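Structure first, commentary second.
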Amino acid sequence: MENSDEKALIPGDQESKKADYSATDNDSDPKMMTSTEVITRIGFGWGQAMQCAVLWLGFFAEAAEIFIMPILSTRLYVEWQLSPSLEAALGACSYAGFALSYPIWGFISDWIGRKKSLILANTWITIWGGACALAPSLYWLLAFRLLFSLAGGIVNIMFPFYYEFLPPKQRWLGFVTGTVGFTFGGMYPIILAYFMLDNERGDTWRYYVAFTVIPCAVFVILMILIVDESPRFLVSANRVQDAKRILGKLAKRNNYKLSEDYELKMEEERASSKSFSESVKAILNDRHIAKSLICILFFGISTRYIIYGLAFVKTELLFLAGETADYCSGSHEKSYLLTKEDYLKLMVLQSFDLFGNAIGAYFLLFEVSLRASGLLCYSVGTAAMLLLYSCPHVWTALCLVVLCRSFTYGFISNMWFSLSAETPHLLTSLIIRPRDQFIYVLH
């Protein structure tokens, strides 16, 4: 049953959101401020722009390494004469570790910090992503892709990272920047394929795989040189002086004169860092919370399937259409290699994800509720997927896939912004302490 406390936690309640995140000039002790209040006074400037640019590259690099698989698996299906089940195994291994990596990297991020965890995870991705280029056989390649995927969940650390160093009024811009980076990262493997993969069989795919890990390596270097640790994390880790030093550095980059005559305090959490046993007990004892948790898990699974799974569907549709005019009953002769024309088509289709980014920006800018955006996007996506079963012309089918992905991208931006609005100091709370974070789903 709803009550006033629950309503205060609903991200759709914009009035309470603004009140929570605005600078509190009327605080009882004006010298005691949270990191958010200090950042609000500093404002948005060159300091945050530099961090946003580096995190943009992080999303780009992650997407590049993920979306290589639809092209690579289709290529190896022909070159190595794989069975459909082994081709599917390539994709499955690429994502199998994601489920484990989300909570793992949440714990690591709470332990060593946001910056160090991002550096460590992307170094891991660079190593095992590059190892794939040297794989002597399919089973080695499967093992390397599985190891790579164990760091795939690090992308979810970047969203809270945006949230923790941007002023409240610019937070939506950070989330849109991240999703746009992810979209352009999905284009990168297609551009590489256009220039590096020809119609002849051979080992060109190995050079192709090696080039896709370059953005990850560059991201690691820039993280070390440019990005600072989250002040919010440092305060929660009792490293207050380090947090003040970084805030001072941020103010200097933004040409803002920040007085040192203040003290940092912990932020009042809208989603508290409860113990694991307390959260489990809350889920078992409160039907509303249990249903909310099920809903958010469903949203997470479905959005991952749409974004990652439909990337394979697009490539497979072009592959089957290349084998036979009737893609619904492809010959599966394992003789057709994607051409430069096919890669151009994929590039055009991928660019429509920018439309999804625009939808997400609209939701965030005009504060569309999560419920309304979810109903709209999932209704459009469901209708598009149902129409695929009528086996329309290949370009109609591809347009339906693009439509579904675009609206899902819009919803993802709104969902992550809302989840980050509930983020406790401990990121693992996003995974194992769901009581307060997920309360909004049914509203």
Side-chain angles (χ1 to χ4, degrees), residues 60-80 82-98 125 129 132-133 135 138 141-142 144-146 148-149 152 155 182-199 204-206 208-213 215 303-323 327 330 332 334 336-353 356 385 388 394-395 397-402 404-406 408-409:
F60 180 100
E62 176 100 359
E65 193 59 29
I66 289 173
F67 291 121
I68 185 181
M69 283 315 299
I71 294 174
L72 181 61
S73 62
T74 303
R75 180 83 177 190
L76 296 182
Y77 176 71
V78 176
E79 286 206 15
W80 287 359
L82 302 178
S83 65
S85 58
L86 287 177
E87 182 193 14
L90 273 173
C93 283
S94 296
Y95 304 128
F98 278 41
I125 290 173
C132 292
L138 172 66
L141 182 58
L142 291 173
F144 291 152
R145 290 302 293 182
L146 179 60
F148 143 79
S149 69
V155 70
F182 202 77
T183 296
F184 277 101
M187 296 179 184
Y188 180 65
I190 302 173
I191 295 172
L192 284 181
Y194 179 85
F195 289 105
M196 298 185 70
L197 297 181
D198 51 35
N199 293 333
T204 54
W205 67 268
R206 297 185 184 276
Y208 170 68
V209 171
F211 268 80
T212 59
V213 301
T303 54
R304 287 296 180 270
Y305 168 75
I306 292 169
I307 297 302
Y308 299 150
L310 292 189
F312 283 89
V313 173
K314 284 192 300 185
T315 309
E316 189 71 9
L317 283 170
L318 287 174
F319 172 73
L320 293 177
E323 280 198 323
Y327 74 89
H332 298 287
K334 303 179 185 178
Y336 182 76
L337 292 171
L338 294 178
T339 64
K340 289 186 179 294
E341 183 181 352
D342 291 324
Y343 295 132
L344 285 176
K345 292 175 182 176
L346 279 175
M347 188 65 188
V348 171
L349 294 168
Q350 180 68 21
S351 66
F352 277 94
D353 284 351
M385 290 300 95
L388 276 181
V394 63
W395 272 104
L398 288 168
C399 288
L400 291 172
V401 170
V402 166
C404 182
R405 278 175 57 93
S406 296
T408 302
Y409 260 115

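Numbers here simply count residues along the sequence, with the first being 1. Remember, it's a predicted structure, so these values are computed and weren't measured experimentally. The figures that follow rest on heavy atoms only: side chains count, while hydrogens, waters and symmetry mates do not.
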Verify side-chain contact (heavy atoms from CB on, under 4.5 Å) between Val401 and Phe352, making sure each step is shown before the conclusion. CA-CA 11 Å; Val401 170; Phe352 277 94; over 6 Å; no
Candidate pair Leu349 and Lys314, rule side-chain contact (heavy atoms from CB on, under 4.5 Å), full reasoning: CA-CA 8 Å; Leu349 294 168; Lys314 284 192 300 185; 4.2 Å; yes
Is there a side-chain contact (heavy atoms from CB on, under 4.5 Å) between Tyr343 and Leu197? Walk through the geometry before answering. CA-CA 10 Å; Tyr343 295 132; Leu197 297 181; 3.6 Å; yes
Would Trp205 and Glu79 count as a side-chain contact (heavy atoms from CB on, under 4.5 Å) here? Give the steps. CA-CA 10 Å; Trp205 67 268; Glu79 286 206 15; 3.8 Å; yes
Stepwise ring pair (Phe, Tyr, Trp, His ring centres under 6.0 Å) test for Tyr188 and Phe60: CA-CA 8 Å; Tyr188 180 65; Phe60 180 100; 5.5 Å; yes
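Closest of all the heavy-atom pairs between Met385 and Cys404 is CE-CB, 3.7 Å. The nearest pair of heavy atoms linking Val209 to Ala133 is CG1-N, 3.7 Å. For Tyr77 against Ser83, the heavy-atom pair with the smallest separation is CE1-C, 4.1 Å. Glu65 approaches Phe148 most closely through the heavy-atom pair CG-CE1, 3.2 Å. The two residues Gln350 and Thr183 come nearest to each other via the heavy atoms NE2-O, 3.4 Å.
Side chains of Val313 and Leu398 form no contact here, defined as non-hydrogen atoms less than 4.5 Å apart. A heavy-atom distance below 4.5 Å is not found between the side chains of Leu192 and Ile71. Using a 4.5 Å heavy-atom cutoff, the side chains of Asp342 and Phe319 are not in contact. Looking at Ile125 and Glu62, their side chains come closer than 4.5 Å, going by heavy atoms from C-beta outward. Residues Leu338 and Arg75 fail the side-chain proximity criterion, which asks for heavy atoms closer than 4.5 Å. Between Phe312 and Leu90, the closest side-chain pair of non-hydrogen atoms is not below 4.5 Å. For the pair Phe182/Ile307, a side-chain contact is recorded, criterion being any heavy-atom separation below 4.5 Å from C-beta on.
The number of heavy atoms from other shown groups lying within 6.0 Å of OH (Tyr308) is above 12.
Rounded to the nearest 0.5 angstrom, Ile190 CD1 and Leu344 CG are separated by 10.0 Å. Interatomic distance, CG of Leu142 versus SG of Cys93, reported as 4.5 Å (0.5 Å rounding). Put simply, OG1 on Thr315 and CG on Leu72 are 11.0 Å apart, with the number rounded to the nearest 0.5 Å. To the nearest 0.5 Å, atoms CD1 (Ile68) and OG (Ser94) are separated by 9.0 Å. Note that CG of Leu317 and CG of Leu310 are 9.5 Å apart. Values are rounded to the nearest 0.5 Å. Thr212 OG1 to Ile66 CD1: the interatomic distance, rounded to the nearest 0.5 Å, is 11.5 Å.
Under a 3.5 Å cut-off, the side chain of Arg145 and the backbone N or O of Ala92 do not form any donor-acceptor pair. Of the possible polar contacts, one joining the Tyr208 side chain to the Pro189 backbone as a donor-acceptor pair under 3.5 Å is found.
Cation-pi contact between Arg405 and Phe67: present, with separation from the ring centre below 6.0 Å and deviation from the ring axis of at most 45°.
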